[in-house]
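These notes are about the structure you will find just below.
Residue numbers start from 1 in every chain, and the chains themselves are labelled A, B, ... in the order their sequence lines are given, proteins ahead of strands.
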Amino acid sequence: MVDHLEGIKIRIAEAIKHTFQHDVHHADIVLQQTKKEFMGDYTLVVFPFTRLFRDKSESIAEKIGLYLKSHAELVADYNVVKGFLNLTIEHSFWINRLQLLRTIEHYGQLDAKEGKVLIEFSSPNTNKPLHLGHIRNILLGWSTSKILKSAGYDVMNSQIINDRGIAICKSMLAWQLYGNNDTPQSSDIKGDHFVGKYYIEFESRFKQEYAKWQNSEEGIRTYSKDRKSEQDEASFFKAHKNQYFNNNSQLGAKAKEMLLKWEAEDEEIRKMWMQMNGWVYDGFDQTYDALGVSFDKLYYESETYLLGKDLIAQGLTFDDFYRKDDSSVWVDLTDQGLDEKILLRSDGTSVYMTQDLGTAHKRYEDTGATKMIYVVADEQDYHFKVLFEIMKKLGAPYADGLFHLSYGMVDLPSGRMKSREGTVVDADDLIAEVIGAVRTATQERGELVDLSDDQRQEIYRKIGLSALKYFILKVNPKKRMIFNPEESVDMQGQTGPYIQNAYVRIQSIKRRIEHEAIADISQYQLLDPAEIELVKLLIDYEQQIDQAAKEYDPSGIANYAYELAKKFHKFYHDVRVIKAESTAAQAFRLMLLDMVAIVLSHSMDLLGIEMPERM
RNA sequence: GGUUCCGUAGCUCAGCUGGAUAGAGCAACUGACUUCUAAUCAGUAGGUCCCAGGUUCGAAUCCUGGCGGAAUCACCA
């Protein structure tokens, strides 16, 4: 990664050395973009120097500025406002930079870095289809993975599929009881939706059963016996639901029996389980495909849920791990401001944490990854703090490379998504809707009429997904976000389609220019402000990637891509390319547009967004 | 109650390790298409950066304490 401003910084360090006899390393000098209400390109803030140089800020700025103007060929002019030294850079600098960028083979691909990274995202349960919450997770995971690759890491995408447990047994049971041997094929329903249908079926049958029980003798007796004072009937039965499921429910008993049979590897149950999960995977694959994401390594909970016990056995030889009288195993994390945490139940069975410890270790053994990123919603912040802390106590070699990419929940304008109230936004529906909205909008505009139907569909798909993905990724991950379905299909303003439109406009210009640009670009001297703005952004790109990778935050890239598109649209409005005033100007602009298109496309690719050639 | 996260324009969001008069988009209003695609551009209006202290030449940003919202604090996953 080159620091394009290094030349200027070296001169500033030199100016300081010469004028104030102080050694400042040029890499420590921070230049910021000059605010647009002032004259200049970059600004040096000199306030920090006042004490060091025993001089007034204006005077320091003036002296450095004067030195630069006479000694630094890149600095065309300067002005001082209070403690701010604003530097105007020679136009030749921008031309040089652009030419340099154009020679870089894969601009945006940073130097290879040490260490293998494994990133886990999506990680669904197999009892129902993916929804909007998964979409945020998947987009964040995919984009972060892309960004890390671009920053030079060797990255593997992974997910752990929660394919076992009581939830899938509910779906299986309902299918067994009420399914009439239907299949996704026979009923023409996508596999994951098909299985989800039976999960809902179970829940609704269970609800009926429970309601009936509440009015039975036993139900009434339980209520009057176990209710807390001032607890009304509705809230009592709401709280009692789990207990009912475990102790009284016939459906509950059957589901639990099925789970036990599954654990005992009952042949018939395992067969049904494989069949139903197979349907779900077919469905998931379609959704992943539609979103344009893929995984390198899959883990299944059914294969990992027993892991971790060995690690805990080892842990018992360390401080802070101990066995209680009832033979349950605990770890004491109070020295880290956390609690004591159970790792093995008194009957020797494992808990969620046990499994996660084991899985992390297995992944390290499988892949050698020393950085592992978990893309999981912020409701599990505490869990991961504890997990990572235990790993440290166990002395795992990858313990310092563990990172929880915690993100906020997705709310609807009406509030939280609730499956019980049917407000969950289905992933497949959403994808179909955004593409449909684009189709309608494009047809209204009357564009693309000369293309084949297939070509048009492909463009609708790219635009629709860009609207959806950009809408989600532009928000800082750790913030809870409000997803407004209407705004998510907006195509104007700060949106994916706006950025795509910039790219499309460039392609359109290039299609209209037949000849190769042969003119000497350095003959072009009087750059338009819009052109300078573009070069400034372009030379900043790798810095943006580096930062996004350090912070595991795609929103920075999303905002950058928007800024670049915005500056381009301004350029497009202000400056002619095809009817440029000179051949040198045109050659410069074509080179500039090539770079802008490359960076727009690359940055959007980091977000998992494809560019259409027309729209 | 403990811990963590969030609080910026009517709405959705930027604001990098502290820097100039806090920025975008949407919505509202006004202009610009015989011009390289108007999914665009230019402009108007819109602010107690939750509140109060503190650190600093300088605080939306850092610290402390409040207020409001969310999550979590299971021998659930």
Side-chain angles (χ1 to χ4, degrees), chain A residues 30 32 34-35 37-38 43 45-48 50-51 57 81-84 86 125 162 164-167 242 301 305 324 326 328-330 337-339 341-347 349-353 355-356 377-383 385-386 406 408-409 411 413 416 438 441-442 444-445 447 463 467 471 474-476 478-484 486-488 490-502 504-513 543-544 547 550-551 555-556 558-559 562-563 565-566 568-580 589 593 614-615:
Chain A
V30 180
Q32 44 192 263
T34 302
K35 296 227 165 200
E37 51 267 47
F38 299 97
T43 296
V45 182
V46 302
F47 290 111
T50 51
R51 200 168 297 162
S57 54
V81 181
K82 293 191 274 181
F84 300 92
N86 302 319
N125 295 324
N162 301 299
R164 48 145 249 130
I166 194 69
N242 268 337
E301 197 198 0
Y305 80 111
K324 279 194 180 173
D326 66 0
S328 58
V329 177
W330 296 71
L338 303 168
D339 296 310
K341 187 79 191 171
I342 188 159
L343 298 175
L344 285 178
R345 296 191 183 99
S346 50
D347 62 5
T349 56
S350 45
V351 292
Y352 184 41
M353 187 64 72
Q355 192 186 133
D356 266 10
D378 62 7
E379 58 188 354
Q380 296 199 37
D381 283 356
Y382 184 75
H383 173 76
K385 267 188 195 166
V386 171
S406 164
M409 297 287 194
D411 286 326
R416 204 170 171 168
V438 169
T442 309
E444 275 171 16
R445 293 175 73 229
E447 288 286 343
I463 300 174
F471 187 78
K474 72 176 181 185
V475 181
N476 187 309
K478 69 181 174 203
K479 285 196 174 181
R480 206 180 172 94
M481 71 171 289
I482 296 176
F483 183 89
N484 185 329
E486 286 167 33
E487 288 175 14
S488 73
D490 275 352
M491 286 161 252
Q492 278 150 22
Q494 190 181 1
T495 65
Y498 173 95
I499 299 167
Q500 290 177 318
N501 186 232
V504 164
R505 282 178 145 182
I506 294 173
Q507 301 315 310
S508 175
I509 290 174
K510 287 176 68 180
R511 274 196 297 272
R512 281 163 195 273
I513 300 243
Q543 199 70 247
Q544 295 285 339
Q547 196 182 330
K550 279 183 180 130
E551 295 175 359
S555 71
N559 283 301
Y562 171 66
E563 284 303 320
K566 193 174 149 79
F568 166 76
H569 281 304
K570 167 78 173 155
F571 161 91
Y572 184 88
H573 184 265
D574 291 354
V575 181
R576 305 291 87 185
V577 178
I578 292 174
K579 292 179 184 164
R589 284 169 197 162
L593 292 194
R614 291 181 51 184
M615 64 192 289

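Taking 3.5 Å as the limit, the base of A27(B) and the side chain of Asp490(A) contain no donor-acceptor pair of atoms between them.
Here Phe47(A) lies in heavy-atom contact (under 4.0 Å) with a base. Using a 4.0 Å heavy-atom distance criterion, Tyr562(A) is classed as a sugar-phosphate-only contact. Using a 4.0 Å heavy-atom cutoff across all strands shown, Ser57(A) reaches no nucleic acid atom at all. Contact annotation for Asn242(A): no contact, since no heavy-atom pair falls under 4.0 Å across all strands. Contact annotation for Val475(A): backbone-only contact, meaning every heavy-atom pair under 4.0 Å involves sugar-phosphate atoms and none involves a base.
At C41(B), one or more side-chain N or O atoms of Tyr498(A) fall inside 4.0 Å of OP1 or OP2 (strictly under the cut-off). In terms of phosphate contacts, Arg445(A) brings no side-chain nitrogen or oxygen within less than 4.0 Å of OP1 or OP2 of A38(B). For A74(B), the OP1/OP2 oxygens have no side-chain nitrogen or oxygen of Lys341(A) closer than 4.0 Å. Between Arg576(A) and the phosphate of U35(B), there is no side-chain N or O to OP1/OP2 separation shorter than 4.0 Å. Look at Lys385(A) and you won't find any side-chain N or O under 4.0 angstrom from OP1 or OP2 of C73(B). Between Arg416(A) and A71(B) there is a side-chain N or O to OP1 or OP2 distance below 4.0 Å. Distances shorter than 4.0 Å separate none of the side-chain N or O atoms of Lys324(A) from OP1 or OP2 on C75(B). In this structure, Lys478(A) does not reach the C5(B) phosphate: none of its side-chain N or O atoms is under 4.0 Å from OP1 or OP2. OP1 or OP2 of A38(B) has at least one side-chain nitrogen or oxygen of Arg505(A) nearer than 4.0 Å.
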>> Quick one, Phe84(A) with Phe38(A), criterion ring-ring contact (aromatic ring centres under 6.0 Å, His included). Give me CA distance, side-chain angles, the key distance, then yes/no.
In response: CA-CA 10 Å; Phe84(A) 300 92; Phe38(A) 299 97; 7.5 Å; no
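Look at Tyr382(A) and the base of A71(B); the rings do not stack under the cut-offs of 5.5 Å between centres and 30° between planes.
Nearest-nucleotide positions on RNA chain B for Asn476(A) and Leu344(A) put Asn476(A) closer to the 5' end. Taking the nucleotide of RNA chain B with the nearest heavy atom to each of Gly337(A) and Glu563(A), the more 5' of the two is matched to Gly337(A).
Cation-pi geometry between Lys324(A) and Trp330(A) is met: under 6.0 angstrom from the ring centre, within 45 degrees of the axis.
Residue-environment remark: CD (Glu486(A)) stays at or below the threshold of 12 foreign heavy atoms within 6.0 Å.
For C33(B), the O4'-C1' to base torsion is within 90° of 0; the nucleotide is therefore syn.
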